[in-house]
Participant: 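So that we are looking at the same thing, I have put the structure below in C-alpha cells.
Only heavy atoms go into these numbers, but all of them, side chains included; no hydrogens, no water, no symmetry mates. Residue numbers start from 1 in every chain, and the chains themselves are labelled A, B, ... in the order their sequence lines are given, proteins ahead of strands. As the structure is a computational prediction, the values presented were derived from the model and not from experiment.
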Amino acid sequence: MSLNNQISFFNSLALKKEKFIPNDENNIKIYACGPTIYKSPHIGNFRSFVVFDVLFRFLSSKYPKVTYVRNITDIDDKIIHEAKVRNIAYSDLTAEVYENFKSDSVKLNILNPTYEPRATDYIKNMIRDIEKLVENGFAYVKDNHVIFDTTKYDKYRDFCKNMCSESGSRIALTDLKKHENDFVLWKPSSDVFWDSPWGNGRPGWHIECTSMSKEILGFPFDIHCGGQDLIFPHHTNERAQGWGLCNKECATYWMHNHFVNIDNNKMSKSANNQFDLAFLTKNYDPMAIRIFLLMSHYRHPLNWSESGLKEASNIYAKWKKNLFDVIPLDKENALYKRDLDNVNDSNTDAQNKLYDSFSDNEASAIDASGQGSSDGSKGNDDNKLNSDNEDGIEILDSVSDALSDDLNTPLAIKKISEAIKIGHNMQNILKSCAILGITFVNKENSNDQNGNVSSLDLDLINSLVQKREIARKNKDYNKSDEIRDELTKIGIKLEDTKDGVKWYEG
RNA sequence: GGCCGAGUGGCAGAAUGGUUUAUGCAGAGGAUUGCAAAUCCUUUUAUGUCGGUUCGAUUCCGGUCUCGGCCUCCA
C-alpha cells in the first residue's frame with residue numbers, strides 16, 4: 001500500500017491525535033453507543049452511526065477482523081414515559097422504534113454491527129457488576145438505590161478536563177447522593193422492573209454499556225465511540241465503572257463526533273428541531289444524505305442545510321452518472337443481493353471479509369451490467385478501466401490515507417471526485433466508495449410506486465429510444481419530443497451525444 | 001463561572017507553513033445541440049480581529065471579539 005499508511009485518531013481522552021496501536025491486530029474491538037429506542041433517530045443521531053460505520057468499514061479494510069458492538073438501549077425513563085403517553089406496552093414501543101431504526105439504517109447503507117446487544121438481555125450481568133462494584137467499595141446502597149461513589153476513582157474528572165465542574169453544577173445534591181457527581185447504578189421501579197438484591201428495580205443508564213462491553217469485548221477494548229454529548233456524564237461514568245470493576249481502562253481510544261446543527265443550534269429530540277430520515281428521503285436519495293453527513297469532518301459541527309444536501313445530491317448524481325453512464329442497475333444483480341445480505345444478517349463471517357466482498361461484488365456488478373449500455377459508451381468505459389495510475393496516484397491509497405488521518409472523510413470524498421473526473425481505475429474507485437459505504441444501487445426502488453429501472457421493461461425503453469432516433473432523423477421533432485417526455489415520466493433521462501443517445505435513471 | 005469547539009469568497013464547505021487557494025451551487029462569457037439536457041473551456045469574489053514565532057501563516061502560538069456545545073436526558 002502507500003508509504004503513509006499509519007493510522008491515527010483523535011483521542012478525546014488525551015485531547016490529541018494519537019497513533020492507533022491495536023491491542024490485538026488480529027481482532028480490533030470497537031464499541032459504539034447505539035440508539036435509545038423511544039423515538040426514531042433523527043439525522044443527527046444518524047451522523048454518529050454513519051461516521052462509525054465508516055470507521056468499522058475502514059478498519060475492516062485494514063485488519064483481518066474487526067468486532068464492532070453497537071448496543072440498543074431498550075430500557076430507560078424516556079421509553080417508559082413515551083409508552084405511557086402513547087398508552088402502549090413499552091416492549092411494543094421499542095419493537096416499533098427498533099424496526100424503524102433498522103430500516104433507516106438499511107437506507108443509509110449502515111452495516112449491522114457484529115453484535116447488537118440489548119440492555120434488557122444483560123440485566124443479570126448488570127446486577128452482578130453492580131454487586132461487584134459495591135464489594136470493591138466503589139458503590140453504596142441507600143433506600144433501595146445503588147449509587148456509584150465518584151470520589152473513589154481519583155481520575156474521575158480527568159476525562160472531561162473539568163467539563164464537570166467541582167462546583168457550580170446545576171444539579172442539586174439529593175439525599176441519596178453523597179457527592180454531586182455520584183450517579184445511580186440501580187433504582188427502584190414499579191412499572192418495568194427486575195428482581196435484585198436491592199428490591200424490584202432497573203439499572204441506571206451508564207452501567208448498561210459497561211456490562212455489555214465488558215461481557216462481549218472485555219477490557220480494554222480498542223475504541224469507544226459516540227456523540228460528543230456522551231463524554232459527560234455517560235462515558236466519564238463508564239470509564240469510572242470499568243475501573244471500579246477491573247482496575248483498568250475499559251477502552252484505549254475514545255472517539256466522539258460533533259453534532260448536526262440547525263441554524264447553528266444543536267439538533268436534538270428534546271429541542272424538537274429534528275429531521276428524521278423519513279422526512280428527508282422524500283426529497284433526497286439516502287446515499288446523498290450519507291455523502292452529506294460525510295462531507296464534514298466528524299469532529300466538526302455540521303450545519304444542516306438544503307444547499308448542503310443539494311450539493312451532496314449533485315456529487316452523488318455525478319459519481320453515479322460518470323461511473324455507470326447509461327448502465328441501469330436492477331435489483332436482481334449480485335451487488336444488490338450482497339448488500340442486503342450484509343445488512344440483514346448480523347452474525348455471519350461475511351462481515352469480517354466485508355471489504356473483500358464489497359470490492360468483488362461492486363466490481364462484478366460493473367462487469368455484469370456492461371451490456372446494458374447503448375451504443376457508443378463502451379469505449380469510454382474501457383478507457384476508465386485501463387487508465388489506472390497514470391500519474392502515480394492510486395485512488396484506493398489516497399482514500400485510505402485520508403481515512404488514516406483521523407477519519408478524514410471530506411478529503412476522501414474529494415479524492416474520489418478527482419479520480420472519477422480523471423477516470424481512474426473504476427474498480428478501485430468502487431472499492432473506495434465501498435469503504436465510505438457509498439453504493440450505487442437504489443434500495444428504495446422496491447418501494448417506489450413511481451416507475452423505476454428495476455420495475456421497467458428494458459426492451460420498452462430501448463424501443464422508445466430507437467423510435468425517437470428515427471423521428472429525429474426524419475426531423476419530426478414534435479414526435480421525438482413527445483417520446484422524450486414519455487421517458488421522462490417513467491424516470492429516464494436522455495442525452496444526445498455525438499456518440500449516440502445515452503439514457504440513465506434519474 | 002469551569003471546560004471544549006468553531007469563525008474561509010454571493011452561498012455551502014474542504015485543505016494547506018510558501019509558485020496554480022479544492023469542490024459544488026449561483027453569476028459572467030464561450031463551445032456543442034433541431035431544441036433540451038448533459039458535458040467541456042474561460043472567468044469574478046475569501047481565510048473574524050490584534051499581536052508573536054518564521055525568510056514566509058489562512059495554517060503554529062498568545063490575546064481579543066463573535067457564535068455554538070457540555071456541566072440535567074441527549075449521537
Participant: Suppose you measure atom P in B:U16 against the same atom in B:A6; what distance do you get, rounded to whole Å?
Facilitator: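 So the two P atoms sit 14 Å from each other.
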
Participant: Which sits closer to the 5' end of RNA chain B, A:S417 or A:H297, going by the nucleotide each is nearest to?
Facilitator: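 The answer here is A:H297.
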
Participant: Any donor and acceptor pair, going by atom type alone, linking the side chain of A:N273 with main-chain N or O of A:K266 inside 3.5 Å?
Facilitator: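 Yes, the answer is positive, given that a donor and an acceptor are paired below the 3.5 Å cut-off.
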
Participant: Return the value, rounded to whole Å, for the distance between atom CG of A:L411 and atom P of B:A15.
Facilitator: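 For the pair A:L411 CG and B:A15 P, the rounded distance is 7 Å.
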
Participant: Using a strict 4.0 Å threshold on nitrogen-to-oxygen distance, state whether A:R290 and A:D53 make a salt bridge.
Facilitator: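 Result for this pair is yes, salt bridge flagged.
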
Participant: Could you provide the dot-bracket string of RNA chain B, using ( ) for intrastrand pairs, [ ] for crossing pairs and | for bases paired to another strand, with Watson-Crick or G-U pairs below 3.5 Å?
Facilitator: (((((((..(((.....[....))).(((((.......)))))....(((((..]....))))))))))))....

Participant: On a plain distance test, is the side chain of A:R157 in donor-acceptor contact with the base of B:C71 below 3.5 Å?
Facilitator: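 For A:R157, whose side chain was compared with the base of B:C71, there is no donor-acceptor pair (under 3.5 Å).
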
Participant: Phosphate oxygens OP1/OP2 of B:C74: is one of them under 4.0 Å from a side-chain N or O of A:W205?
Facilitator: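 Answer is yes, contact under 4.0 Å.
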
Participant: When you measure from the side chain of A:K78, which nucleotide among B:C73, B:A12, B:A75 comes out closest?
Facilitator: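 Nucleotide nearest to A:K78's side chain: B:C73.
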
Participant: Pick the C1' atom in B:G18 and in B:G24, then give their distance to the nearest Å.
Facilitator: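 That atom pair is separated by 27 Å.
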
Participant: A:E418 has an atom CD; how far is it from atom P of B:G24, in whole Å?
Facilitator: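 It works out to 10 Å between those atoms.
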
Participant: Looking at the side chain of A:S48, which of B:A75, B:C35, B:G5 is the nearest nucleotide?
Facilitator: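 Nearest to the side chain of A:S48 among the choices is B:A75.
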
Participant: Using a cut-off of 4.0 Å on non-hydrogen atoms, how would the nucleic acid contact of A:H258 be classed: base, sugar-phosphate, or nothing?
Facilitator: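 The answer is base, as A:H258 lies within the cut-off (heavy atoms under 4.0 Å) of a base atom.
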
Participant: Looking only at side chains, do A:N303 and A:S305 share a donor and an acceptor under 3.5 Å apart?
Facilitator: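 No donor-acceptor contact under 3.5 Å links the two side chains.
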
Participant: Does B:G69 have OP1 or OP2 sitting under 4.0 Å from an N or O in the side chain of A:N265?
Facilitator: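 Indeed, a polar side-chain atom of A:N265 lies that close.
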
Participant: Determine the interatomic distance between C1' on B:A46 and the same-named atom on B:A12; round to the nearest Å.
Facilitator: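 Result for the C1' pair: 14 Å, nearest Å.
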
Participant: Mark yes or no for a side-chain to base donor-acceptor pair under 3.5 Å between A:R484 and B:A37, with no hydrogen or angle criteria applied.
Facilitator: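 A donor-acceptor contact between them is absent.
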
Participant: Less than 4.0 Å between a side-chain N and a carboxylate O, is that true for A:E486 and A:R468?
Facilitator: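 No salt bridge links A:R468 with A:E486.
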
Participant: Can you tell which of B:A6, B:G24, B:G34 lies closest to the side chain of A:K318?
Facilitator: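 The nucleotide sitting nearest to the side chain is B:G24.
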
Participant: B:G34, B:A12, B:A75: which one has an atom nearest the side-chain heavy atoms of A:S305?
Facilitator: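 Closest nucleotide to the A:S305 side chain: B:A12.
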
Participant: Could a donor-acceptor pair under 3.5 angstrom be found where the side chain of A:K266 meets the base of B:C74?
Facilitator: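 Yes.
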
Participant: Could a donor-acceptor pair under 3.5 angstrom be found where the side chain of A:D496 meets the base of B:C35?
Facilitator: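 Counting by modelled atom types and ignoring angles, a donor-acceptor contact under 3.5 Å is found here.
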
Participant: Relative to the 5' end of RNA chain B, which residue comes earlier, A:F49 or A:R472, by the nucleotide with the nearest heavy atom?
Facilitator: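 This one resolves to A:R472.
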
Participant: Choose from B:C74, B:G24, B:A6 the nucleotide whose nearest atom is closest to any side-chain atom of A:N314.
Facilitator: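 Among B:C74, B:G24, B:A6, the one nearest the side chain of A:N314 is B:G24.
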
Participant: Can you tell me if A:H256 and A:S12 form a side-chain donor-acceptor pair at under 3.5 Å?
Facilitator: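 A:H256 vs A:S12: donor-acceptor pair found between side chains.
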
Participant: Measuring from the side chain of A:L230 (C-beta onward, heavy atoms only), which nucleotide among B:A75, B:C73, B:G34 has the closest atom?
Facilitator: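 Among the listed nucleotides, the one closest to the side chain of A:L230 is B:A75.
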
Participant: What's the CD1-P distance between A:I231 and B:U72, to the nearest Å?
Facilitator: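 Roughly 15 Å, once rounded to whole Å.
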
Participant: Rounded off to whole Å, could you give me the NZ-to-C1' distance for the A:K177 and B:U72 pair?
Facilitator: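 Nearest whole value for this atom pair: 9 Å.
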
Participant: What integer distance in Å separates A:N261:CG from B:C4:C1'?
Facilitator: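 Distance, rounded to whole Å: 14 Å.
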
Participant: B:A14, OP1 or OP2 - any side-chain N/O from A:N408 closer than 4.0 Å?
Facilitator: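 Answer no for this pair, as no side-chain N or O of A:N408 is under 4.0 Å from OP1 or OP2.
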
Participant: In whole angstroms, how far is the C1' atom of B:C3 from the NE2 atom of A:H256?
Facilitator: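 Rounding to the nearest Å, NE2 of A:H256 and C1' of B:C3 are 15 Å apart.
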
Participant: Under 4.0 Å, heavy atoms only, any strand: does A:S296 hit a base, just the sugar-phosphate, or nothing?
Facilitator: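 Here A:S296 touches the backbone only, sparing every base.
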
Participant: Using atom P of each nucleotide, how far apart are B:C67 and B:G27 to the nearest Å?
Facilitator: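 After rounding to an integer number of Å, I get 33 Å for this pair.
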
Participant: Can you identify which nucleotide, out of B:C4, B:C70, B:C73, has its nearest atom closest to the A:D229 side chain?
Facilitator: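 So the nucleotide nearest the side chain must be B:C70.
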
Participant: Answer yes when A:R472 and A:D481 have at least one side-chain N-carboxylate O distance shorter than 4.0 Å, and no when they do not.
Facilitator: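 Between A:D481 and A:R472 there is no salt bridge, as every charged N stays at least 4.0 Å from the carboxylate O atoms.
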
Participant: Taking atom P in both B:U33 and B:U23, compute the distance separating them and give it to the nearest angstrom.
Facilitator: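 So the two P atoms sit 27 Å from each other.
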
Participant: Indicate yes or no: does A:K421 engage A:E418 in a salt bridge with an N to O separation below 4.0 Å.
Facilitator: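 Looking at A:E418 together with A:K421, the answer is no, because their closest N to O distance does not fall below 4.0 Å.
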
Participant: Considering non-hydrogen atoms only, spot the tightest contact between A:I43 and A:L277 and give its length.
Facilitator: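 Closest approach of A:I43 to A:L277: CD1-CD1, 3.9 Å.
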
Participant: Pick base, sugar-phosphate or nothing for A:V260, based on heavy-atom distances below 4.0 Å to the nucleic acid.
Facilitator: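 Base contact - A:V260 has a heavy atom under 4.0 Å of at least one base atom.
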
Participant: If you take atom types as modelled and just measure distance, does the side chain of A:D481 reach the base of B:G34 with a donor-acceptor pair under 3.5 Å?
Facilitator: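 Answer yes: a donor N or O sits under 3.5 Å from an acceptor.
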
Participant: Between A:K310 (NZ) and B:U23 (P), how many Å, whole number?
Facilitator: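 Going from NZ in A:K310 over to P in B:U23 covers 21 Å.
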
Participant: Tell me which nucleotide among B:A75, B:G13, B:G24 gets nearest to the side chain of A:M267.
Facilitator: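 Nearest nucleotide to the side chain: B:A75.
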
Participant: With heavy atoms under 4.0 Å as the rule, sort A:G44 into base, sugar-phosphate or nothing.
Facilitator: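 Since a base atom lies under 4.0 Å of A:G44, the category is base.
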
Participant: Using the C1' atom as the point on both nucleotides, what is the distance between B:C25 and B:U45, in whole Å?
Facilitator: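 Here B:U45 and B:C25 have their C1' atoms 15 Å from each other.
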
Participant: With rounding to the closest Å, how many angstrom separate the P atoms on B:A22 and B:A14?
Facilitator: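 The answer is 14 Å between these two P atoms.
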
Participant: In a check of side chain to side chain contact (heavy atoms under 4.5 Å, CB included) between A:H224 and each of A:R239, A:K29, A:H235, which one passes?
Facilitator: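 Considering A:R239, A:K29, A:H235, a side chain to side chain contact (heavy atoms under 4.5 Å, CB included) with A:H224 is found only for A:H235.
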
Participant: Considering only atom C1', compute the distance from B:U66 to B:U49 and round it to an integer number of Å.
Facilitator: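 So the two C1' atoms sit 10 Å from each other.
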
Participant: Side chain of A:E311: nearest nucleotide among B:A15, B:G24, B:G34?
Facilitator: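 Output: B:G24.
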
Participant: Using whole Å, what does the distance between atom C1' of nucleotide B:C35 and atom CD of A:E469 come to?
Facilitator: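 So the two atoms are 14 Å apart, to the nearest Å.
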
Participant: Could you check which of B:G34, B:C70, B:C73 has an atom nearest any side-chain atom of A:F232?
Facilitator: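 So the nucleotide nearest the side chain must be B:C70.
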
Participant: Salt bridge check: are A:E82 and A:K269 linked by an N-O gap of less than 4.0 Å?
Facilitator: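 Answer for the salt bridge query: no.
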
Participant: For residues 294-301 of chain A, tabulate all N or O donor-acceptor pairs below 3.5 Å that involve a side-chain atom, not counting sequence neighbours.
Facilitator:
residue : atom : partner : partner atom : Å
A:H297  : NE2  : A:D406  : O            : 3.4
A:H297  : NE2  : A:D406  : OD2          : 3.4
A:Y298  : OH   : A:D406  : OD1          : 2.6
A:R299  : NE   : A:D406  : OD2          : 2.9
A:R299  : NH2  : A:D406  : OD2          : 3.0

